[in-house]
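Letters A, B, ... mirror the listed sequences (proteins, then strands); counts begin at 1. The basis for the numbers below is simple: all heavy atoms, side chains too, and nothing from hydrogens, waters or symmetry mates.
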2 protein chains.
Amino acid sequence: MAAELGVSRTTVSNAYNRPDQLSPALRRRVLDTARRLGYPGPDPVARSLRTRKAGAVGLLLTEALSYAFRDPVAVQFLEGLALACEDNGSGLLLVPVSPEADDPGAVARAGVDGFVVYSMPDDDDNFAAVLERPVPVVVCDQPTAVSDVDRVGIDDHAAMVDMARHLAGLGHRRVGVLCMRLSTERNDGFASVGRQENARYEVQRRRLSGLREGFAEAGVDWSTVPVVERFDHSESAGASGAEQLLARHDVTAIACTSDLLALGALRHVRESGRRVPEEVSITGFDGVPAAERAELTTIRQPTLDKGRAAGELLLDRGDRQRSRTLLLPTELLARATSGPPPER
Amino acid sequence: MAAELGVSRTTVSNAYNRPDQLSPALRRRVLDTARRLGYPGPDPVARSLRTRKAGAVGLLLTEALSYAFRDPVAVQFLEGLALACEDNGSGLLLVPVSPEADDPGAVARAGVDGFVVYSMPDDDDNFAAVLERPVPVVVCDQPTAVSDVDRVGIDDHAAMVDMARHLAGLGHRRVGVLCMRLSTERNDGFASVGRQENARYEVQRRRLSGLREGFAEAGVDWSTVPVVERFDHSESAGASGAEQLLARHDVTAIACTSDLLALGALRHVRESGRRVPEEVSITGFDGVPAAERAELTTIRQPTLDKGRAAGELLLDRGDRQRSRTLLLPTELLARATSGPPPER
DNA sequence: GTGAAAGCGCTAACAA
DNA sequence: TTGTTAGCGCTTTCAC
């Protein structure tokens, strides 16, 4: 301890943390001595132990850490979350999870004051580990079947009912769907109704059920609607999904459960010589910037606001009495990739 | 302590950390009791204090936290860094810095095993605070004038010499430049040679000096070359910069020190009715995806690899004897936005 | 395979 | 304004 150098440890501590508690001269002297002796200042970990504050928010994602920076929706969510963190002076800790290993160790080992959980599957070990921790938790999007945590999300079902009505209203009856992964194991291909209903990803389940309901209103029998699933969330997955769908089914519209998939589908459909929307309509979900450039018909969701709201909910030491749920609005953007189906 | 429940604290600790050190039956019993009693498992902060490992890498950026997710180059760097972190099982802590406050507290308070510093100005307080911490540090890009830290970067000067030669080789002699901020205070407008040479951002300084050298070889007097500076790094800053440049100077080429600026310049130039590259050539720097889509002539730098290398350098507990410097290669991509100047 | 003791470096009360 | 006293919760020799 630098205490050996004239003063006591309290004084040293105060020199760093409460400048107003001691004379400027003394403070200067303490700091100078510290520097001379090579004392690097209070150890942050020891301080955290004592103060019971880590000064950081943990973020848990479905995917590997680096995915956070590959998916444009995740990036926007993170920007919002970071905004909330910086307002609060909190750090943002991206918690590593090994998708393979059944090792929730990283979660247990994270020095954070709370967790934001972004879009995890039902029954996830890492998420379970988060709930074990005696810190506040905010879940974004999924899973929703959890008590005692705050939640931020949108009404995925209702948004997709709108989308189905939009397409049905244009006259589409022979439609296909392209969706994201429905289980944690890779399963690229057509997804049966049973598989859809038992999807481990609630968001996908709800988006599909929304489409189902909306199309049902127009008399479309859902069991005849082909649903193609892709494990990877990327444009090329969207392209290959569209290819698989169109190879077997003659549809006039493809509703995708994300913009990335829709953008890929759009590319494939055009490259295969079909015109959009004259021959095939394509719709997405999310409202990413690239979708705007492509004039994709989609559902805009306030991704950045979700991130900020999640951060604020977590950091807001207000009424943490009962768990709060925030449902943000979405908006159907009918743009250039949807139109009436071709005449028979 | 759960020790009151049959066994000692060592045993409890072992139950969590060294399953092989005690009988499975006992371990099970300990864990069950812990659950029943609501013991959440070892406190990560206390554990860190004892083991002297935080299990996380800290990242320090020039800008506010959320900037990390707004700038495509930063996002790619982060993806690479995250890749290295996840290979190591480390977390990634984005350290909040208040650009206004002269408070390096967040850096001092971050519980991390090391820092990656990404592109900071010379003489930055937060960076200085990082150097005070007794942990390893890797600096990416700037500042370079630091001893005892590992570094990752590119040869900005040489890359821009190439770019100047490219433009000069096409025949350009009346050129303008659009660069990023040169000081930490906002100063949008023309930058004198003196201001360029005294820029607090080494990367900008070197990119400008590279252009200067390359154009000098073709006989261009640098003091006649207008250099427009923009504080914000965005497309719209690029557009307004190009506008300001063209309003006063009749140039046949605009060399930008980033793709984002170049993309904005491109937009402005086209919107103002000029053809690219027939009337004006425009070049960027970085090689972001959007630049590829726009067919922008640019310098590609391996941004993701820089991030990964930075992470590996930091986490690699190998020869930490002397500081290592890694210079990654760049590549001039001559695409569709550069061509011969118009005939007089 | 298990327990006892020692301390990681700090800050919050309180007393002087 | 400064010093004293107690831990924060854990892991780690080392002895049993």
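- Look at OH on A/Y16: it is 16 Å from P on D/dT2, rounded to the nearest Å.
- Comparing D/dT12, C/dT2, D/dC8 by their closest approach to the side chain of B/T51 singles out D/dT12.
- Between A/S13 and B/L26, it is B/L26 whose nearest contact on DNA chain C lies nearer the 5' terminus.
- Using a 30° and 60° split on the angle between ring planes, B/F77 and B/Y118 fall in the parallel class, below 30°.
- Here B/L49 lies in heavy-atom contact (under 4.0 Å) with a base.
- Nearest-nucleotide positions on DNA chain D place A/D20 closer to the 5' end than the other of A/D20 and A/T10.
- Of the two residues contacting DNA chain D, namely A/L22 and A/A46, the nearest-nucleotide position lying further toward the 5' end is that of A/L22.
- When the side-chain nitrogen and oxygen atoms of B/R47 are compared with OP1 and OP2 of C/dC8, none of them lie within a distance under 4.0 Å.
- Residue A/S90 is tested with A/L93, A/L92, A/N88 for a side chain to side chain contact (heavy atoms under 4.5 Å, CB included); the sole match is A/N88.
- Atom CZ of A/R50 and atom P of D/dC8 are 8 Å apart (whole Å).
- When the side-chain nitrogen and oxygen atoms of A/R52 are compared with OP1 and OP2 of C/dA12, none of them lie within a distance under 4.0 Å.
- Computed from coordinates, the B/K53 NZ to D/dT12 C1' distance equals 16 Å when rounded to whole Å.
- In this structure, A/R29 places its CZ atom 13 Å from C1' of D/dT1, rounding to the nearest Å.
- Rounded to an integer number of Å, the gap from B/Q21 CD to C/dG3 P is 14 Å.
- Looking at B/T144 and B/R151, their side chains never bring a donor and an acceptor atom within 3.5 Å of each other.
- Screening B/D113, B/V112, B/V116 for a side chain to side chain contact (heavy atoms under 4.5 Å, CB included) involving B/V57 leaves a single residue, B/V116.
- Residue A/R18 is classed as a sugar-phosphate contact, given heavy-atom separations below 4.0 Å to backbone atoms only.
- Atom CG of B/N14 is separated from atom C1' of C/dA4 by 14 Å (rounded to the nearest Å).
- Nearest heavy atom pair, residue A/A84 against residue A/L315, reads O-CD1, 3.8 Å.
- Remark: C1' of C/dG9 and CG of A/N17 are 13 Å apart, rounded to the nearest angstrom.
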